[in-house]
Amino acid sequence: MPANSINREKQILEYLHTNGSASIQQLAEAFGVSNMTIHRDLNKLVESGQIQKKHGGAVLTGHVGEEKVAVCAMCGKPVSQRTVFIVKFENGEELRACCAHCGLMLQSRTQNVWQTMTMDYLYGHMISAGQAYYVIGSQ
Ligand SMILES: [Zn+2]
């Protein structure tokens with residue numbers, strides 16, 4: 001049993017490396033064990049500082065925020081990974097803004113924009129800004 005659970009903990013870490021985050025439900029299904037078992041595995045991984053629990057699931061510690069801190073191309077404030085807004089240009093360059101407000105201003109003032117990306121606040125994934133919903137004034 002200990003060998004088994006250590007093995008599964010490793011696999012959970014690999015799963016998180018691949019997928020970025022996972023819910024307890026997803027992990028239970030992926031490894032064919034109960035939610036309770038995953039829950040215990042996650043607790044151990046949290047205790048050892050390898051993951052963080054989040055919204056009923058798990059993320060790797062340091063998965064969000066690995067990139068070095070950038071400053072907003074619009075207002076010059078440090079860019080938080082949680083609210084980052086990235087404007088990508090057709091030539092492959094990109095500019096970062098601290099928030100959707102700065103990002104949209106930046107977008108409207110620049111040309112040849114290829115894509116805009118922003119951080120999904122709940123899940124920590126990068127998503128296309130065009131598909132995002134913004135909650136104004138929550139910060
Ligand atoms: Zn800004």
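By convention here, the first residue in the shown sequence is residue 1. Whatever order the structure lists them in is the order used to number ligands and atoms, beginning at 1.
- When the side chain to side chain contact (heavy atoms under 4.5 Å, CB included) test is applied to E9, the partners found at least two apart in sequence or on another chain are S5, D41, K44, L45.
- Nearest heavy atom pair, residue S21 against residue V59, reads CB-CG1, 3.4 Å.
- For the side chain to side chain contact (heavy atoms under 4.5 Å, CB included) test, residues two or more places apart in sequence or in another chain that qualify with H39 are I24, M36, N43, K53.
- The Zn ion (ligand 1) has C72 SG, C75 SG, C98 SG, C102 SG as its protein N, O or S neighbours under 2.8 Å.
- Counting non-hydrogen atoms of other residues, nucleotides and ligands closer than 6.0 Å to CD of E93 gives a total of 12 or fewer.
- Listed by chain and number, the residues in a side-chain hydrogen bond (donor to acceptor under 3.5 Å, both in side chains) with Q25 are E29, N35 (sequence neighbours excluded).
- Note: C72 SG to H101 NE2 = 9.5 Å, rounded to the nearest 0.5 Å.
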